[in-house]
Each structure stands twice: as structure tokens, then as C-alpha cells.
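In what follows, a structure is listed as C-alpha cells, so that the remarks can point back to it.
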Amino acid sequence: MPALTFSDDQAEAYDRLAAMLLGQGVDLAEAALTPLAEGKASVLAVVGKAGSGKTMLLAELYRGLKAAGVEVISGDYEGRKRKDRRTLAILAPTNKAASVLRLRGVPATTIHRILYTPVYDPEYEKIAEWLAGTGTRPVIDSLAIAGLTDVALDRAQAFYSQIASIPGALAAAGLKGSDFIKGWKRREEPLDVGLVDESSMLDERALEDLREIFPTLVLFGDPAQLAPVGSSGAMVFDKLGDSRKLSLSRIHRQAEDNPILDLAHALADDRLGFEDFEAMVQAKARDDGRVVWAERVEAGLMARSPVLVWRNATRVRLIQAFRNAYGAPEDALLPGEPLICDGIELPLKHRKKRIDLEARGLIEGAQVIYLGEGNRQGFARLHVVGAEEPQVSAASIIKIEKPDEEEPFIPSAATMGATFLHGAAVTIHKAQGSQWDEVQVFAPDLYAAAQSGRSEAGVPLWKRLAYVAITRAQTRLYWVVRNRLARPLVPLSVDDLKREPAPLALGGTSPSDATDLG
């Protein structure tokens, strides 16, 4: 067993996973490997609510697999194939979800980045192989890279020794890894072990793609979240037999003193009604600053962490109020405005371009910040939130919806490319898989869901919505109870995106300077 002290249910899950991996030739106890046997395949799911230790278990599995000699495939570089190698990839549906794991020392990447592999420039491979320990130090004179020095290579090596990120190491040397990627191709060669976080977001198609590549898959998911749209309330791990699901039920010590998780878990009480729950929120807010009973939406927070809503009409109204508060023009975006990717509009003949955009993080649900117009007509400069190389320029179709108007206005209009909606407010469904330091939940929408009487998978819809919305907050939850918006004290800016780590908010708001949204 690992040195980390597990709860009983975690220990049982770890033992089951270790036994599965042993059957696949990975011995965690002895830190030893044997070649992968052809034809063997296995899928297990680890399910549990927020605070039950799923991420702790995933991180410990990663450490055990790495100690056994399994090669970690991170998506930023993949070494030459060896006949006897064993591989591991840690995956999440979006860059934001992957970045949450990376902040905890787990080298996660997106599913798309593994499904589509980059074609590298040979100069990049020389540096990457050296950093990864599979090649010799490049001789500067032999590299066709202008301005690169031995001092810069030393900086890259020092960075990589602390954080095993080749794009990060190249950035320390003054280079951009994306400049060395000449194209993308659909992965043909299988990998080995895949650990998939936030698997409640997966649909059947994504699971099938993963099973084609990974003979050994472990899905980590929260059964209390919202199922993907169009899935009839079912998640991919729901269809696994009980023997293939490992349940974590104990809430761990670090989560027990968390008022945000207290509220999330209180929703499991069948007797709890909406009014009683709001009274509970108000009581928590009186006792603990990590929960805020808010009389208005804070525009300053919306710039980096969206207000979470149920209804599209609410979303559109809040976005319009946000833009008005910042004095945004009717026909253009301000640098610093948040966007959310709504997909990619490209005909089939442009499949390679689609792969390029998706592999760089522009997938449905990705959060980006608008930096300004690109150098070409219809292009926009964007910061992809959570990506290791976040700065991209892409053909963009940006749609800003307005209340009571059927047609949105389009400040950036490429003929085809990545499509975006405004991201100052998003539906709770789209927020799944993401976390922010501070989160505003628009309670009037949840009250409307409670009044509707709707259920999903036998649970009142408002409770599922509230659970997902609340568990997006890492340190502070704002429970907004009125249709009012507090105007920001500082203008929009992109200065925060130039610092590491970037803060999640742009500053405070004036309590007295509020606009009625009703």
C-alpha cells in the first residue's frame, strides 16, 4: 500500500485498481513492469461526491505508475516509440479541468490533445528529447533557432527539473512550443493506461474514442452532477456493472471544515426544500466568510469567473448588464471580455484545421479571454484559460446575444472557424468540469427550477443544479438573491493574463453603485 493514509473506501478502491493494473502487467507494489499483453482490456469507474477523495486517489495512482516506470504522455511531447514501453495519460474534457489537476502536481492534458497528436519540427524534438532525458544536450550551433543561447537552455532545464512541462521549459528559454508544431494527425497507435477525470461530462462517443486508444481506462466521476445534454440523465459510468464501479462515500477531513461542501452535501437530504436550503446558506454566511449572501451580482468577478445560471434568458440578460456596466460598445468587444467556445464551424474538407483548433484547446465549453483583433480579417487574439500555451490567434465567429432580439450581433465574423458566445454568465451545464476561486450562483434561477417541479434521474432538478454550481467554487461562494448588478470600480484589462499565476477577478465593486436587472 502507498505511504499516504487512505480512508477505508479509498484503500479498497486503490487495492482493486492495483489488482487490475497487475493483471495488465503493472505492479504498483513492486514498482515493476512487464510488456502489455495483446487483447487485454478493462474499464473501471471511481465515483464519489465532492470531497470524497477522488483527486487524491487519482494523484496517488499517478505517482505509483510513474514510480513503476510507466511513461507519462502529457500531450506536449511524445518520445519515440519503444517496443517494451508502458504509457499513461491523465485526461480531462477541457483545459480548465486539466489545469485544476496540474495545479495539484498531476500532469493532466485534454482528451482532444491525446486523440490528436502533433507533428513536430525536428529542432523541437532535439530539445524535447534532451529535456525528457532520452537525448543529449543540443549543441547551439547545430540548432536552426535564431537567438537561442546556452544560458536559455540552462533556464529551460532548470524549469523542467521543477515542473515537467516542455512548453513551460521552452517559455523559460524564450520560445513557444506551438511554433514548432507543423500540424496535427488523428492518433493511430494505441496507448496503454488512461485516467479520466470529470468523466460525468463524457458522452458515449467520447468513451468509445478513448476505448479505442486505451485498453486500460479508469473513469473518475461525480454521480451527483448533471449528465451530458441529450443523454437522458445517464452518465457513461452508470452503464458499467456494479463490479466495475468503486464508490467513495466518506468525506475527508480537509473537506469536513468546508462550508461550501457542507451545503453541497446537505442537498442529499430528501426532506430539504428550497426555502430551507436558502436559510441554511444564510446561516453559513453569518458564520463563515467563505459563503456570501449577496444582494447583487458583482460585475468585477464576472470578467474571469462567470455567473452560473439555469435559464438562457437569465444568461443573456446578465451578459448585457455586464457589457453595459463596462461601457462596451454595441458593435465591438473590449480586450478582457470573457468568451466561451460554442464549437467549430468548418466543412469536412478542412478537417486538419479543425484538429489544429481543437488540439490547441478551442473545444466546446473552453473558456477564453478576448485580447483584441488578429492580424487578418475575421481573426481574434485569444487567451485560452487553463492551457499551457494559452495565447492563440484564430479565425473566430463571435456572437453576442441580446435580450428580446432573435439575431445576435457579431463583432468578429470569419467565414468559418471557432465560434464563441459571451462568457460573463454561463449555464450550470456548461460550467461542469471547471472550478474557480470565487463563484457567483444566481439563486432566482434555482428558485424557478424548484417551482417548475422538474426532476432528473429521480432527483429534483434544482438540487442537481445547486450541487453542480456550488461545487464549482474553490474558496468562496456568492449566493446571489436579487436581480441587481454592482458596477465595477476598475476598467477591463488583460494585464492579469501576463502574470503567473493569473488572478481570477479584476477588482472590487462599489456596494452603492448597483444596477437593477429586473
Side-chain angles (χ1 to χ4, degrees), residues 1-2 4-21 42-64 90-93 97-98 100-101 103-104 106 108 194-202 207 216-228 231 233-270 272 428 431-435 456-459 463-474:
M1 280 296 297
L4 185 71
T5 301
F6 279 151
S7 63
D8 290 344
D9 54 5
Q10 278 184 314
E12 182 180 350
Y14 187 93
D15 288 344
R16 284 281 309 281
L17 292 166
M20 177 186 75
L21 290 167
S42 185
V43 179
L44 284 179
V46 178
V47 298
K49 291 186 178 182
S52 61
K54 296 187 300 297
T55 302
M56 185 194 305
L57 184 61
L58 187 155
E60 193 63 19
L61 269 179
Y62 152 64
R63 285 188 282 269
I90 301 154
L91 309 171
V100 171
L101 287 172
L103 288 172
R104 301 183 185 188
V106 178
L195 308 181
V196 187
D197 198 25
E198 297 289 352
S199 63
S200 59
M201 297 174 66
L202 299 182
L207 180 61
T216 303
L217 265 180
V218 184
L219 310 177
F220 292 80
D222 186 337
Q225 292 203 29
L226 293 158
S231 64
M235 300 176 190
V236 290
F237 48 74
D238 290 335
K239 298 183 179 180
L240 297 176
D242 289 342
S243 64
R244 314 304 296 168
K245 286 191 285 189
L246 313 174
S247 296
L248 304 181
S249 56
R250 179 184 163 190
I251 305 305
H252 286 262
R253 186 181 299 115
Q254 66 269 28
E256 286 174 350
D257 186 36
N258 186 327
I260 298 170
L261 290 182
D262 285 346
L263 290 170
H265 292 296
L267 291 161
D269 186 346
D270 292 338
L272 187 71
I428 294 167
Q432 288 199 133
S434 294
Q435 284 190 307
E456 184 178 286
V459 178
K463 286 188 172 183
R464 280 193 176 272
L465 292 166
Y467 178 89
V468 172
I470 287 169
T471 53
R472 300 312 91 204
Q474 290 180 293

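The chain is numbered in sequence order, starting from 1. Just so you know, these numbers use all the heavy atoms, side chains as well, and skip hydrogens, waters and symmetry mates.
- With Arg464 contributing its side chain and Glu456 its backbone, the two residues share a donor-acceptor pair below 3.5 Å.
- The nearest pair of heavy atoms linking Val100 to Gln435 is CG1-OE1, 3.6 Å.
- Between the side chain of Gln432 and the backbone N or O of Leu226 there is at least one donor-acceptor pair closer than 3.5 Å.
- For the pair Phe237 and Arg244, the minimum side-chain heavy-atom distance is 4.5 Å or more.
- In this structure, Asp269 contributes its side chain and Ala266 its backbone to no donor-acceptor pair below 3.5 Å.
- The heavy-atom pair separating Ala264 from Ile470 by the smallest distance is CB-CG2, 4.1 Å.
- With sequence neighbours excluded, no residue forms a side chain to side chain donor-acceptor pair (under 3.5 Å) with Arg104.
- When every heavy atom of Ala97 is checked against every heavy atom of Glu198, the shortest pair comes out as CB-CG, 4.2 Å.
- Residues Asp242 and Lys245 meet the side-chain proximity criterion, which asks for heavy atoms closer than 4.5 Å.
- Leu58 contributes atom CG, which lies 9.5 Å from atom CG of Leu17 (distance to the nearest 0.5 angstrom).
- Note that OG of Ser7 is 7.5 Å distant from CE of Met56, once rounded to the nearest 0.5 Å.
- The closest side-chain heavy-atom distance from Val218 to Met20 is below 4.5 Å.
- The closest side-chain heavy-atom distance from Ile260 to Thr471 is not below 4.5 Å.
- Here CD of Gln10 is found 11.5 Å from CG of Asp15. Values are rounded to the nearest 0.5 Å.
- Taking both residues in full, the closest heavy atoms of Ala224 and Lys49 are given as CB-CE, 4.0 Å, listed atom of the first, atom of the second, then distance.
- Considering all non-hydrogen atoms of both residues, Ala431 and Arg472 come closest at O-CD, 3.4 Å.
- Here the OG atom belonging to Ser52 is positioned 7.5 Å from the CG atom belonging to Asp9, to the nearest 0.5 angstrom.
- Atom-to-atom distance recorded for Leu240:CG and Leu44:CG is 8.0 Å, nearest 0.5 angstrom.
- Taking every heavy atom of both residues into account, Ala50 and Asp222 meet most closely at N-OD2, 3.5 Å.
- Between Glu60 and Tyr14 there is a side-chain heavy-atom pair separated by less than 4.5 Å.
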For Leu101 and Thr55, run side chain to side chain contact (heavy atoms under 4.5 Å, CB included): C-alpha distance rounded to whole Å, both residues' side-chain angles, the deciding distance at 0.1 Å, then the answer. CA-CA 8 Å; Leu101 287 172; Thr55 302; 3.9 Å; yes
Checking Leu248 against Lys54 for the side chain to side chain contact (heavy atoms under 4.5 Å, CB included) test, could you report, in this order, the C-alpha distance in whole Å, the side-chain angles of both residues, the deciding distance, and whether it holds? CA-CA 8 Å; Leu248 304 181; Lys54 296 187 300 297; 4.0 Å; yes
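- Looking at heavy atoms from C-beta onward, Asp197 lies out of side-chain contact with Ile90 at the 4.5 angstrom threshold.
- Between Val196 and Leu207, the closest side-chain pair of non-hydrogen atoms is not below 4.5 Å.
- A heavy-atom distance below 4.5 Å is found between the side chains of Leu57 and Val46.
- Distance check: Ile428 CD1 to Gln225 CD gives 11.5 Å after rounding to the nearest 0.5 Å.
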